[in-house]
Every structure is written in C-alpha cells, then in structure tokens.
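Heavy-atom basis, side chains included; hydrogens, waters and symmetry copies ignored. Both counts, for ligands and for their atoms, begin at 1 and track the order of listing. None of these values were measured; they are calculated from a predicted model.
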Amino acid sequence: MTSDSTPANFTELGLISPLLTRLTELEYRQPTPIQAQAIPSVLAGRDLIAGANTGSGKTATFALPLLQQLFQQQQSEKSSSDKSHKGNFVTGLILVPTRELAKQVADSIKSYAVHFNGVIKTVAVFGGVSANTQMLALRGGTDILVATPGRLLDLISSNAIKLDRVKTLVLDEADRMLSLGFTEELSALLALLPKNKQILLFSATFPETVQALTAELLNDPVEIQVQSADASTLVQRVFTVNKGKKTALLAHLIKQHEWQQALIFVNAKNNCEHLAEKLAKRGIAAEVFHGDKGQGARTRVLEAFKAGEIDVLIATDIAARGLDIEKLPVVINFDLPRSPSDYMHRIGRSGRAGEVGLALSLIDHEDYHHFKVIEKKNKIRLERENVAGFEADEVIPSDVDKPMAKPEGTGKKKRKKKVQVNADIWLRHSDPE
Ligand code: AMP
C-alpha cells in the first residue's frame, strides 16, 4: 500500500454498520489508501477523480458510499412516506468498459450489500448475451445499474431503462472505456443524464481524452492519485531472451516455479492459441481467454482459473480487462503491451490488496526499444536480467526476422552488465495465504 494514506479503519470513514459487518466478514481489515482517502469525500457528496487501477480497492471505494447513500435515501423516503415512484429508473449508474468487469463490479456490490436484506437492487447489463433477460431484470427499475455503454444505449432505446433520475454516475476505468472506442456512446449517455449528479471517475492513466472528459464533467472534484503499482507488494522484473527461445523460457519458468494462477498476456487472439499449443507440447496445460470465445466459455474458463483448477491462463488485454482475481501471484508479459498505460493495467492485476506479486516481462531484441518507452512513460527503470541457459545474444541472432529496434549494447556503447538470475529469490507465491 502506498504511504500517502492516513491509516484508518472503516468505522472512522463514516460507514454504517450493515456495511462494516460485511467488511469484517470479508476480512477487509483496513481500508486501502484510496478507500481511506476517498470514501469520506464521496459520502459527503463530492465529485471525485481517482487515479487508481485494478487491485487498489477502487470498486469498494465507489460501491460502499453508493450503497450507503442509496440505503439512507430509502430509509428517509420510507419515514417521510414520500416514496417516489420507481418506474424503470436507475439511481446509481456505473459505466464500465467490459462485460467481465460489469459482472465483477455487480457481484462485489451485491456482496457488500448482503446486510441490507435485499432492499438495494443491483443489475448488470452488457453485450454479447441476449438483451431479454436484462430487460426483465430491469423491470420496475433498479437502484444500481452496472453497464457497458453500448448495451446500455440499446436498452434505453427499447425503453427498458431511463437515466433521468440518476443521482450518482461512476465512470470506472475511464481511460480504458475511451481507448476501447466508447467515446461516442459515452457522449450519448452523458447527454441523457440529469444535470445535478455526483460523478466519480476512476482511471489508471490520464491521457488527454480523459483529461478533457474530467474538465467537462466534474464539479470541483476531490483528486486522489494512488500509485498504480506498489513496490512493497509487487516485484517487476524483465528477462531478456532471444526471440526463438521465448516460449522455451516461459515453459522453463512455469515448470520451475510451479506457478498457480499465472496470467500470461499476448497481443492477439491467434497468439493465445499458438502459445497454448506450444506450451501443451512442452507438457503445460494452459487455457485461453480472448474475445472470440463465447460468453459461456469465457465465464467457465474464468471460474476455473479463479478456483485454481487452471494454472496458466493466456489472455489478450481486451478480454482480460477488469479481471478480478484475488491474490493473483504472477502476471507475465509474453508480448509487450502496445501502450505504456496498458503495462500498468496488466501488472496491476498482480500483488493486489497487500499480497506480494510478480510482474514479469520477457523481452527479445525487437522489444528493447519499446520497453524503454514503457519504462520512461511510467517512470520506472528495471534491471535487464538473463536466466541461465536462456541468455539473450549481444547482437540480434539470426532467428529474428525483422528487427524493429537496435538491441541495447550494439554499436559503440558497451552492453550493460548482465544480471544472472537466482530464479528462486523472488517468490513463494504458491503458498495459499
Ligand atoms: P479492486 O481494485 O476493486 O479490483 O479490488 C481488488 C481486490 O481487493 C478485490 O478482490 C477486493 O475484494 C479486495 N479488496 C478491496 N479492498 C480491500 C481491503 N480494504 N482489504 C482487503 N481486500 C480488499
């Protein structure tokens, strides 16, 4: 956890007892930094801009105050017998970029709300599945709606839900929402919202598009920045390797460390399948998780991975966006992410909520330049390491077809000192607790 937080317990944050009881049951012993800093302001009705990614505890940061506000509103409406007719309205709207995240956020909210005895209704809507069940679920309105923008617009156009009475809008993973091309959908939705509302915006990064959105939307917001990856809970490492040996190195590491729940990122759907096949030939069973998989298959794979039945999951960024897997021990960049912000998103899946995690990047000569850019943008600098038996050549080996960047150490400058890896020093991640 970051050091910029004032240690606090959940009671001091002003949360009410049905929520506090639940947090004790969930063994949330103390608020994460973003929770400690943001929850009191959100409860007080302020707008919020939070720089935080998955793993920071951001879901509870918006979910707990939202539930509390809705519960208290319901209580006061009850006592003043001024119960406004619900119709097909929604009060708390949470927009997320992917269906997996929609489901996870809704599940978290339902879990936090168990001691409200069913008085707060939460519905998740997302594309890729039939809209009929979602329409049925929205009958009579809902207190909280977690939605991906495209499906929400569809549901609005078929009159299944109205946004006129939204009191709180949460934009979760705003940068991702915009980079996935939801800009137009977002504008259309924003136009349908009432003027007076509380807005909570969460984003791992703040490119210009997000800055423009915050400037336009938010009213005197509280701004909180939580470090994306906490050095105390996350170890980042980079192994250099020849391109032709990358799969062999990966297989070697997986076998050597007997990693459980290793999430491996590649850049394309096809690469998922290819890598899984290559690993299978080396005796490693891996499942794939990408956008071409049907919703049912994705859910099954994800559940099996969460349950520890699958040790290795190979995923693309888009499919894996928002995956919430507790205590994910290892995230591996087999292909480097295209953008520096995606690097932070990916590694944010590891070492969450106080657990130590490893974020490992395997880079070949073609990746050297790009990795430097990633480091520069994210203000990190990692030592290049070699694994014994898989050392990268000083010059580009012949197995690299079209080098995109000059490898470090070619030309006049001397190559940096190589660090030999004692591959056992960093992890005891397979320990269950
Ligand atoms: P999030 O960043 O919202 O995706 O949360 C990451 C994970 O941390 C989830 O599995 C949460 O259940 C868990 N979590 C959130 N807040 C806390 C907390 N205060 N203590 C322990 N675990 C937490």
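Using a distance-only test at 3.5 Å, with no hydrogens or angles considered, a donor-acceptor pair links the side chain of Ser203 to the main chain of Asp175.
At most 12 non-hydrogen atoms from other residues, nucleotides or ligands lie less than 6.0 angstrom from NZ of Lys377.
Side-chain contact annotation: Ser111 with Arg22, donor-acceptor N/O pair under 3.5 Å present.
Near Gln30, meaning under 4.0 Å from one of its heavy atoms, ligand 1 places the atoms 18 (C), 19 (N), 20 (N). Those atoms of ligand 1 with a heavy atom of Thr59 less than 4.0 angstrom away are 1 (P), 3 (O), 4 (O). Close approach of ligand 1 to Lys58 (heavy-atom distance below 4.0 Å) involves ligand atoms 1 (P), 2 (O), 3 (O).
For the pair Ser56 and ligand 1, the shortest N or O to N or O distance falls below 3.5 Å. Here's the thing with Gly57: one of its N/O atoms is less than 3.5 angstrom from an N/O atom of ligand 1.
Ion pair Asp220/Arg46 flagged as a salt bridge, since at least one NZ, NE, NH1 or NH2 atom sits closer than 4.0 Å to an Asp/Glu carboxylate oxygen.
In Gln35, the part holding a heavy atom less than 4.0 Å from any atom of ligand 1 is the side chain. Looking at Phe10 against ligand 1, only its side chain comes within 4.0 Å, counting heavy atoms.
In this structure, CE on Met344 lies 10.0 Å from OG1 on Thr205, to the nearest 0.5 angstrom. The CG atom of Leu169 lies 8.0 Å from the CG atom of Leu200; values are rounded to the nearest 0.5 Å.
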